[in-house]
Amino acid sequence: MQIGITGLGRMGGNIAVRLTRHGHDVVVYDRDSSVVEKTVQRAEAGKAVAATSLEDLVSRLNGPKKIVWSMLPAGKITEETVSTLSGLLTKGDIIIDGGNAYYKDDIRRAKTLAEKGIDYVDVGTSGGVWGLERGYCMMYGGTPEAAEHIDPILAALAPGQGDVPRTPGRDTGKDLDPRAEQGYLYCGPAGSGHFVKMVHNGIEYGMMQAFAEGFDVMYRKDSPLLAEDERFSLNMADIAEVWRRGSVVSSWLLDLTAQALAKNGELSEFSGEVSDSGEGRWTIEAAIEEGVPVPVMTAALFTRFRSRTDNTFAEKVLSAMRFGFGGHVETK
């Protein structure tokens, strides 16, 4: 298939390259022309074409249904891009937002675009800077027809079953989507994909915070505030490593933590000022609307707020994990 991609940052560029590796043709555009050139160079030969503007991108797309994937930050830039594309595309075409947009914005955009006969698909995309090789876990929403049409694109981006063991019972379970085992899932109408990804990120906040706090407790065990015979000088890198091997808490987040600690046990290259990209706030807002208590995620978000005025080793652990999976730079 052919698809246009706008926004070639940490994930957008890799998405374009991965698609070309699976035989798809891409037309790529970014406001930074040097990024466009680098993406074309990284792509499979002859499978990527550079565009100089959104208008140029759309004009280079062929076929009865033009597909454009936007991989831009949530907010004004995405709003402007979708608005511009809606004036360039026609009935039957498809706009995909693969960024971390607010799901209520998706619902509004889908309704507006539907009046012109343009389909809108929201794709919550997880995988960070590792997605090029590992593949991307995707949760998406939109009309069933549009979702079915772009399935070859999503199947190429997904990680596939790989060596992950099958979940016992899935082979006999009713109403279970086989695509979930491949790493991508149709969640329902517009907005549902980003809603599921939003909650995913809220959970991520809580998991990261638990690791960060635990390592901070161990890091401070040699504090002079403690009785001398109760002080332990613990090696954070070794503890992270041993937990990776058969522990109940083993996970990719722990892998990334171990990697950062092996490089520098003090994590001195990180400031400990931890950013939040919006999804944690939106998850808590949704929980308030639904009357669902989420104390862990709320505390994790508030800790990130506090980290920007005062921080500890725990916040450096958080920064190290964010850099590991997403390339988020929070250095001194």
Side-chain angles (χ1 to χ4, degrees), residues 7 9-12 70-82 97-111 120 122-129 136-141 187-213 216 251-253 256 270-312 314-330:
R10 288 188 297 264
M11 291 177 67
S70 172
M71 201 66 190
L72 297 164
K76 183 179 179 181
I77 188 170
T78 292
E79 199 72 48
E80 292 175 345
T81 298
V82 172
D97 182 4
N100 284 324
Y102 185 37
Y103 78 97
K104 291 186 178 181
D105 290 336
D106 292 320
I107 296 171
R108 170 178 51 79
R109 291 177 192 143
K111 289 179 179 178
Y120 179 89
D122 55 291
V123 181
T125 312
S126 182
V129 295
Y136 299 91
C137 174
M138 294 168 291
M139 305 128 268
Y140 57 105
C187 298
S192 62
H194 275 151
F195 180 81
V196 174
K197 175 56 162 56
M198 176 188 80
V199 177
H200 163 282
N201 283 26
I203 293 170
E204 178 186 290
Y205 277 37
M207 293 173 65
M208 292 172 67
Q209 186 62 34
F211 273 122
E213 291 178 4
D216 201 13
S251 65
W252 189 31
L253 289 175
L256 297 171
F270 296 99
S271 69
E273 297 178 8
V274 187
S275 302
D276 69 286
S277 52
E279 297 87 348
R281 302 186 190 205
W282 297 337
T283 301
I284 293 167
E285 289 173 1
I288 292 171
E289 292 174 353
E290 299 167 15
V292 176
V294 288
V296 173
M297 287 187 279
T298 302
L301 176 65
F302 286 0
T303 296
R304 293 192 179 199
F305 293 166
R306 182 193 56 75
S307 76
R308 293 160 208 170
T309 56
D310 181 32
N311 51 68
T312 64
E315 279 75 53
K316 293 184 179 182
V317 175
L318 287 176
S319 288
M321 281 187 276
R322 293 187 83 240
F323 177 75
F325 67 71
H328 304 288
V329 179
E330 294 164 338

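For the single chain, residues carry numbers from 1 onward in sequence order. The analysis underlying the following values was restricted to heavy atoms, covering all of them including side chains, and did not include hydrogens, waters or symmetry mates.
Not one N or O on the side chain of T78 forms a donor-acceptor pair closer than 3.5 Å with the backbone of G75. In this structure, the side chain of T125 engages the main chain of G98 through a donor-acceptor pair within 3.5 Å. Side-chain N or O atoms of D122 include one that pairs as donor or acceptor with a backbone N or O of G193 at under 3.5 Å.
With rounding to the nearest 0.5 Å, the separation of CZ in F195 from CD1 in I107 is 9.5 Å. Once rounded to the nearest 0.5 Å, the distance linking CE of M11 with CG of L72 reads 12.5 Å. Interatomic distance, M208 CE to F325 CZ, rounded to the nearest 0.5 Å: 4.5 Å. One finds the CD1 atom of I284 at 10.0 Å from the CE atom of M198 (value rounded to the nearest 0.5 Å). Taking CE of M139 as the reference point, atom NE2 of H200 lies at 5.5 Å (rounded to 0.5 Å). A distance of 9.0 Å separates NE2 in H194 from CD in E279, rounded to the nearest 0.5 Å.
In this structure, E289 pairs ionically with K104, as a charged nitrogen and a carboxylate oxygen lie closer than 4.0 Å.
Between V274 and the choices L318, V317, T303, the side-chain contact (heavy atoms from CB on, under 4.5 Å) rule is met once, by L318. Partner of R281 under the side-chain contact (heavy atoms from CB on, under 4.5 Å) criterion, out of Y205, Y102, F305: F305 alone. Under the salt bridge (charged side-chain N to carboxylate O under 4.0 Å, His left out) test applied with D276, the options R304, R308, R306, R322 reduce to a single match, R308.
The minimum heavy-atom distance linking T81 with S70 is given by the pair CG2-OG, 4.1 Å. Residues N100 and W282 share a closest heavy-atom pair of O-CZ3, 3.2 Å. For G191 against D106, the heavy-atom pair with the smallest separation is CA-CB, 3.7 Å. Across S275 and E330, no two heavy atoms sit closer than the pair N-OE2, 2.8 Å. Annotation for A314 and A212: closest pair O-CB, 3.2 Å, computed over non-hydrogen atoms. Minimum heavy-atom separation, S319 to F270: CB-CD2, 3.7 Å.
For the 3.5 Å distance criterion, the side chains of E315 and S307 fail to qualify, holding no donor opposite an acceptor.
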The test is side-chain contact (heavy atoms from CB on, under 4.5 Å); show your working for I288 and E285 and say whether it passes.
CA-CA 5 Å; I288 292 171; E285 289 173 1; 5.5 Å; no
Tell me, with the steps shown, if V294 and T283 meet side-chain contact (heavy atoms from CB on, under 4.5 Å).
CA-CA 9 Å; V294 288; T283 301; 5.7 Å; no
Between Q209 and M297, does the side-chain contact (heavy atoms from CB on, under 4.5 Å) criterion hold? Intermediate values first, please.
CA-CA 9 Å; Q209 186 62 34; M297 287 187 279; over 6 Å; no
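Annotation: F323, atom CZ; neighbour count of heavy atoms from other residues, nucleotides and ligands within 6.0 Å does not exceed 12.
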